[in-house]
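Comments concern the structure below.
Just the heavy atoms: all of them, side chains too, but no hydrogens, waters or symmetry mates, feed the values below.
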Amino acid sequence: SYIGLVIVGVVAEEKIRLERIMNRDGITEDEARQRINAQLSEEFFRANSDYIIENNTDGGLEQKTLELIAVIKSR
């Protein structure tokens, strides 16, 4: 059956996002903050997404995604 368009937002606490960006790209906290500030806000994603995945821990994102896919397919 046809599911249609589903918008999923993935969010994480700002502190965690900062650490991830700095570690991944080898940049300073100020540079990482500039990147975050250039992006749409968490509030935007919460207001405009059909589903939200919280990504505040290391690991588990794949499992959360698979669980959400199952929920969406069951609609």
Side-chain angles (χ1 to χ4, degrees):
S1 68
Y2 178 73
I3 295 174
L5 178 67
V6 176
I7 299 172
V8 178
V10 180
V11 298
E13 296 172 8
E14 185 174 324
K15 177 183 174 191
I16 293 169
R17 292 171 61 203
L18 280 170
E19 290 174 5
R20 288 176 178 164
I21 293 168
M22 291 185 308
N23 290 336
R24 181 191 66 210
D25 297 343
I27 61 176
T28 67
E29 183 175 335
D30 286 340
E31 292 169 320
R33 283 190 188 282
Q34 288 176 7
R35 286 190 187 178
I36 288 174
N37 291 336
Q39 298 172 352
L40 295 169
S41 69
E42 180 178 332
E43 292 77 23
F44 173 85
F45 287 103
R46 289 189 180 279
N48 292 285
S49 299
D50 299 306
Y51 298 93
I52 293 290
I53 296 176
E54 301 279 346
N55 187 23
N56 290 316
T57 59
D58 290 334
L61 182 60
E62 182 177 356
Q63 183 60 38
K64 289 178 185 179
T65 302
L66 293 172
E67 290 170 3
L68 179 56
I69 290 169
V71 168
I72 294 168
K73 283 183 173 182
S74 71
R75 295 190 331 175

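Of all heavy-atom pairs between Tyr51 and Leu68, the closest is CD2-CD1, 3.4 Å. Closest of all the heavy-atom pairs between Ser74 and Val71 is OG-O, 2.7 Å.
Within the structure, the salt bridge (charged side-chain N to carboxylate O under 4.0 Å, His left out) test picks out the following pairs touching residues 43-59 (sequence neighbours left out): Glu42-Arg46, Arg46-Glu54.
Residues satisfying the side-chain contact (heavy atoms from CB on, under 4.5 Å) test with Thr28, not counting sequence neighbours, are Asp30, Glu31.
A donor-acceptor distance shorter than 3.5 angstrom exists from the side chain of Ser41 to the backbone of Phe44, with no hydrogens or angles considered.
Atom CD1 of Ile53 sits about 6.0 Å away from atom CG of Leu61, to the nearest 0.5 Å. The structure places CD1 of Ile36 at 4.0 Å from CD1 of Ile21, a figure rounded to the nearest 0.5 Å.
Taking 4.5 Å as the limit, some side-chain heavy atom of Arg20 sits within range of a side-chain heavy atom of Asn55.
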Just distance, no hydrogens or angles: give the donor-acceptor pairs under 3.5 Å from side chains in residues 4-19, sequence neighbours left out.
{"from": "Glu14", "atom 1": "OE2", "to": "Arg33", "atom 2": "NH1", "distance (Å)": "2.7"}
{"from": "Arg17", "atom 1": "NH2", "to": "Gln39", "atom 2": "OE1", "distance (Å)": "2.7"}

